[in-house]
Every structure is written in structure tokens, then in C-alpha cells.
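One structure is given here, and the rest of the page talks about it.
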Amino acid sequence: MSHARIIVDRDFTIADVSPRLFGSFVEHMGRCVYTGIYEPGHPEADDQGFRKDVMALAKELGATVVRYPGGNFVSGYNWEDGVGPREDRPVRIDGAWHTIETNAFGLHEFVEWARRADMEVMEAINLGTRGVDEARALVEYANHPSGTYWSDLRREHAAAAGTSQEPFGIKLWCLGNELDGPWQIGHKTAEEYGRLAQEAAKAMKLVDPDIELVAVGSSGKQMPTFGTWEQTVLTHTYDEVDYISMHAYYQEHDGDAASFLAEAVNMDGFIDGVVATIDAVKAAGKHTKQIDISFDEWNVWYQQGLDTEDQPDQVAKEWKSHPRLIEDRYSVTDAVVVGTLMHSLLRHGDRVRIANQAQLVNVIAPIRSEENGPAWRQTIFWPFARIAELATGEILRLVVGADQQPTARHGDVDVIDAAATHDAETGALTLFIANRGLEEAADVTLDLRGFTASEVLRAEVLSIPEGGDRHTANDLQSQEAVGLVPLEGVRLGDSGQSTAVTMSLPALSWAVVQVKVA
Ligand code: AHR
């Protein structure tokens with residue numbers, strides 16, 4: 001049995017919870033759009049061809065903001081190809097994923113899908129093969145009311161499709177995608193990208209001054225240019241942009257589950273490094289405004305080292321529309337890691353104000369769907385859905401004292417990983433907690449300072465199901481093998497008016513415990 005003690009204090013808060021921390025991502029990649037969110041002819045398709053079963057799961061997931069249309073895809077994309085009458089839209093080659101893009105689904109369809117799903121649109125522009133002019137045209141097309149070339153074209157297309165002619169009102173825009181990466185179409189040096197992003201940002205804000213802009217940061221902490229990229233890009237763009245992006249994907253290497261379960265330590269350090277760089281540029285440039293972080297791609301993604309049956313194609317082998325790409329099947333272990341990555345985002349909620357799990361459906365996704373078949377929740381759906389639902393109010397600063405777990409990649413780490421929020425309006429204090437120990441249960445005491453707990457409102461846990469192991473997953477045949485079950489034995493102390501909450505977490509588990517506090 002391992003042990004941990006967590007102290008929370010009503011006065012020690014990090015920030016308000018930004019609802020945009022619970023974002024997702026829809027890329028024209030694999031089967032995320034086609035046979036994911038969009039499949040005309042499916043028995044569950046609505047009048048627009050959107051899958052109602054997938055839409056219902058997306059709403060249950062609770063994603064708040066959704067990035068579109070890429071990803072690597074966007075760096076070779078012409079947004080104009082995806083608007084207007086379908087029969088006139090060109091079929092194109094997508095070089096990023098070696099795929100045929102029919103353009104049957106484009107901007108109008110996505111905006112309508114997001115409206116029905118109750119999600120904010122976060123639109124990425126192409127700064128790989130395109131530039132300032134196409135960027136400002138797109139903002140005019142999307143957000144200008146009427147009476148100009150592009151806004152009237154939007155109205156004409158919307159009228160023909162029978163949808164609203166009103167401006168889309170898109171606030172959040174990404175100034176390209178992963179342009180620090182040599183794999184990116186139109187890859188650039190930091191100097192080249194910084195200047196282009198600055199001019200694109202300026203032109204876009206001249207069309208609509210109310211938009212918020214995200215400059216491209218590093219594609220990962222492992223990038224050789226990490227640090228200097230951010231410094232150069234922000235030196236050029238500091239006045240024009242509002243956020244800098246971060247991307248990170250994690251996987252288990254060579255069966256080293258302990259290190260994998262501690263990857264939130266890596267994410268913590270990555271965020272701290274970007275914050276330090278932003279603030280150094282702020283100081284050197286004598287700026288007063290604060291730039292925050294948009295962690296607009298993060299997840300578990302098995303990119304290397306698995307056998308062929310388990311490792312889905314990374315890039316399509318032949319030219320075809322919507323091939324199966326990176327349809328990772330997530331295990332109990334992956335769900336626990338996803339929970340801890342979300343804890344890291346919450347712990348940095350004063351500077352990470354937007355985050356998007358990549359992606360929403362089929363492609364490294366919490367939701368899976370089959371063409372002409374069912375849709376279901378992967379294991380990683382559960383921590384995301386609960387955190388998106390229950391993390392409200394203010395993020396609390398935790399002091400954690402826990403037994404240590406040795407790891408090869410991160411040294412000794414706390415066996416427990418946690419984050420917590422307090423909602424003064426509802427009186428709910430919510431603890432999100434993972435036991436990264438593979439063998440031992442963990443006894444945890446939550447010490448409350450300045451709070452008195454009177455009732456356990458919710459206690460649920462995801463762990464290895466009976467008869468399963470840490471690799472157990474939900475799949476087509478067994479869609480509900482892994483899920484949340486009640487966490488028994490959460491105690492408030494004898495009187496029921498307590499300043500401590502105790503619980504025992506099974507080995508390898510993620511849990512949520514919500515108590516009523518005054
Ligand atoms: O989400 C999959 C891919 O990962 C995205 O297209 C790209 O931006 C990143 O490398």
C-alpha cells in the first residue's frame with residue numbers, strides 16, 4: 001500500500017477554470033471528418049449528413065472548443081475549395097496524409113456542425129503554402145457582415161445551402177500549424193515564420209479587430225529549435241498575437257509503463273519552459289500585455305515501436321479518400337495517463353488558457369465510429385468527460401506529499417498525481433486524482449484548510465476491470481469493457497463535518513471525488 005497526503009487551502013488558488021481548456025480537434029485526416037462526424041447515408045445521419053450518434057457522444061464528452069481543419073492538412077489546404085456548391089468543389093491531393101480530399105465537407109459544414117454540437121470554432125489558416133492575402137480573405141469571408149466581395153459570397157453560399165447567412169463570428173484563429181517541423185508542407189525557419197505570422201496577424205486584425213490569434217510554437221519539447229523558436233517568433237509577433245501554441249504526444253516506450261505514467265512531469269516542464277520564454281520576450285521587449293498558451297494538440301499517440309496489428313497506418317499507403325489512419329485503441333493505462341495530462345493543464349491554468357485534445361473521432365480519439373456501424377467511447381473518453389464537466393470555479397494550488405515511484409525517464413515521481421477545483425457558487429470541491437502505482441493501492445488523505453466538507457457528492461474510479469489487465473480497451477466487440485464505476489469508501493470523518501477526506505485508490509487508476517464544502 002502506498003500513501004499520499006494532499007493539502008488544499010481555500011485562499012491558495014491558481015486561476016479561474018478556462019472553459020477553453022476542454023477543447024478538441026477535427027482534422028481532415030483519416031476518418032475524423034468522413035465517416036467520423038460526417039457520413040451522409042448512415043442510418044444516424046441528420047439532414048446535413050452529420051452523424052447523430054457521434055454528435056451525442058461529442059456533447060457527452062463536453063468539448064467546448066474545436067480546432068479545424070488541421071493539423072498538417074491545413075498547410076496545403078485551400079479553404080476556398082471547401083465552400084460553394086458541392087458539385088463545383090475540386091477533388092485534391094492532400095500531401096500531408098497521402099490522401100484524396102473530396103472537399104464534400106468544408107467551412108460551412110464545419111461551422112454548422114460546431115453550432116449543433118455547441119462548440120466554439122477555432123480556425124487554423126494555411127501559412128505553409130499560402131500567406132497574408134488568403135488569410136485576410138478568409139477572415140472577411142467568415143466574419144464580415146455583408147456588402148463586400150467575400151462576405152457576400154458567404155451569404156450567397158449559405159443561402160444556396162439553406163443555412164444562416166449571418167457571419168460565422170469566429171474569434172479564435174491559429175496562424176498555421178507546426179511550421180517548425182521539417183515534415184510540414186511549407187516548413188519555415190523561426191525568422192521566416194515570425195515575419196509571416198506578424199504580417200498575417202496584422203492583416204487579419206485589420207479585417208476584424210476582435211479576433212484572438214495563436215502563433216505557432218514548438219511541435220514538441222524534443223524539437224531541436226524548442227526555446228529559440230518561441231523566442232524568435234514572439235519577438236516578431238508579440239504585439240499582434242494573444243497566444244503561442246504547444247503540441248505534445250506521449251506513448252509508452254519498450255514496455256516502460258512507469259515512465260509513461262509519469263509523462264505529466266514532462267508536460268509540466270514543457271509548459272514551464274514556454275512560460276519562461278514568453279516572459280523573457282515580454283521583459284526584453286518592455287511589453288505590458290501577457291501572452292498565454294494554447295496547448296492545441298495533446299494526447300497519447302503510439303507513433304513508434306508497436307507491432308503492425310496494433311499500430312495503425314501513420315500515413316496512407318495508396319491514394320484514397322478517408323483511409324484508416326492512426327486509429328489508436330486506448331487501454332486502461334492510456335486513460336490514466338490522459339487524466340494526468342489534464343491535471344497538468346489545470347495546474348498551469350493561469351497560463352494555459354486553451355487546450356485541444358487531438359483528435360475528436362477515430363484519429364487518436366476518445367470517440368470511435370465505424371462506417372455504417374456504431375460509435376463508442378474509448379477509455380480516454382472518461383477522464384476527459386468528467387474533468388470537462390466537473391472542473392468549474394477556481395483551480396486550487398495543491399501541496400502533495402506522496403510515496404515516490406522510480407522511473408527511468410523522469411527520476412523519482414509522486415505515486416499520486418492530482419488537480420482540484422473549487423466552485424464557490426455550487427459549493428463543490430472536486431479532486432481529480434491518479435494512482436500511477438502499477439502494483440499497489442494508495443491510501444490518500446485530502447486535508448482541507450479553510451473548508452469544511454459535509455457530503456460526498458460524487459466518487460468514481462476507472463481502473464483495471466475484473467478479468468482484465470492494464471491493456472484492456474474498449475473496441476467494436478466490447479464497447480464498455482472499461483469505464484467509471486463508483487469509488488467506495490470515501491470518508492469524511494465521524495461527525496460528517498470534516499476537514500479531511502480519506503480514500504483508497506486501486507493500483508493503476510484515475511478517480512474523481514467531489515465533496516460539498518462550506
Ligand atoms: O494530430 C495529428 C497530427 O499531429 C497533426 O496533423 C499535426 O499537427 C501533428 O503532428
Side-chain angles (χ1 to χ4, degrees), residues 23-34 36-37 63 65-77 79 93-99 101 110 122-129 172-188 193 197 214-226 229 233 243-251 263 267 270 293-304 311-316 322-330 334 338 341 354-368 378 380 384:
S24 191
F25 176 32
V26 167
E27 175 164 6
H28 281 250
M29 176 181 180
R31 300 190 311 112
C32 189
V33 172
Y34 304 107
I37 63 172
V65 51
V66 60
R67 184 167 175 255
Y68 174 85
N72 295 347
F73 170 79
V74 81
S75 295
Y77 180 55
W79 66 267
I93 274 172
D94 161 30
W97 302 113
H98 203 263
T99 295
E101 174 55 56
F110 184 68
M122 180 179 193
E123 181 74 12
I125 63 163
N126 174 358
L127 287 186
T129 60
L172 265 181
W173 295 80
C174 301
L175 297 167
N177 178 72
E178 293 191 352
L179 288 150
D180 63 324
W183 59 86
Q184 201 71 201
I185 298 176
H187 164 55
K188 293 173 174 51
Y193 172 72
V214 183
V216 165
S218 291
S219 305
K221 197 175 172 210
Q222 75 290 350
M223 296 299 290
T225 50
F226 169 54
W229 173 273
V233 167
Y243 306 90
I244 186 138
S245 74
M246 296 178 66
H247 289 183
Y249 292 101
Y250 300 99
Q251 72 166 92
E263 287 293 0
M267 191 186 242
F270 186 19
I293 291 168
S294 170
F295 211 129
D296 46 44
E297 284 187 35
W298 68 268
N299 206 351
V300 170
W301 175 7
Y302 287 86
Q303 299 184 65
Q304 305 121 24
Q311 183 172 17
D313 285 348
Q314 303 286 306
V315 173
H322 62 278
R324 270 182 203 276
L325 294 181
I326 61 171
E327 298 193 1
D328 288 19
R329 180 174 167 270
Y330 290 117
D334 300 323
V338 161
L341 297 177
I354 305 167
N356 307 69
Q357 190 183 39
Q359 299 185 5
L360 182 66
V361 192
N362 291 329
V363 176
I364 46 172
I367 300 170
R368 281 292 322 272
Q378 295 233 57
I380 63 169
F384 189 108

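Ligands are counted one by one from 1 in listed order, and the atoms in each one are counted from 1 as well. Below, all heavy atoms of this structure are taken into account, side chains as well, without hydrogens, waters or symmetry copies.
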Worksheet item: Do the rings of F295 and F270 sit parallel, tilted or perpendicular, given the 30° and 60° boundaries?
Response: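 The rings of F295 and F270 stand perpendicular, inter-plane angle above 60°.
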Fill in: Geometric class of the H28/Y34 ring pair [parallel <30°, tilted 30-60°, perpendicular >60°]
perpendicular
Ligand-residue contact atoms, ligand 1 with [X], heavy atoms, under 4.0 Å:
X	answer
E27	5 (C), 6 (O)
Y249	1 (O), 2 (C), 4 (O)
E178	7 (C), 8 (O), 9 (C), 10 (O)

Structural part of [X] in contact with ligand 1, heavy atom criterion under 4.0 angstrom:
X	value
W97	side chain
W301	side chain
V363	neither

Fill in: Closest protein heavy atom to atom 2 (C) of ligand 1, given as residue, atom name and distance to 0.1 Å
Q359 NE2, 3.5 Å
Worksheet item: Which residue owns the protein heavy atom closest to atom 9 (C) of ligand 1, what's the atom, and how far is it?
Response: E297 OE1, 3.0 Å
Worksheet item: Between N72 and ligand 1, does any nitrogen or oxygen pair lie at a separation below 3.5 Å?
Response: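 Between N72 and ligand 1, an N or O pair is found under 3.5 Å apart.
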Discussion item. Please check whether H247 reaches ligand 1 - meaning an N/O of the residue sits under 3.5 Å from an N/O of the ligand, judged on distance alone.
Written reply: no
Worksheet item: Can you name the residues that form a salt bridge (charged side-chain N to carboxylate O under 4.0 Å, His left out) with E101, not counting sequence neighbours?
Response: none
Discussion item. The criterion is side chain to side chain donor-acceptor pair (under 3.5 Å); which residues satisfy it with W301, sequence neighbours excluded?
Written reply: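 With sequence neighbours excluded, W301 shows a side chain to side chain donor-acceptor pair (under 3.5 Å) to Q314, given in chain and number order.
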Discussion item. Is the distance from the ring center of H187 to that of Y193 below 6.0 Å?
Written reply: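 Not under 6.0 Å, so no.
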Discussion item. Let's go through I354 and Y243 carefully: what are the C-alpha distance in whole Å and the side-chain angles of both, what is the deciding distance for side-chain contact (heavy atoms from CB on, under 4.5 Å) to 0.1 Å, and is it a yes or a no?
Written reply: CA-CA 9 Å; I354 305 167; Y243 306 90; 3.6 Å; yes
Worksheet item: Under 4.0 Å between a Lys/Arg side-chain N and an Asp/Glu carboxylate O for R67 and E123?
Response: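 Salt bridge absent between R67 and E123.
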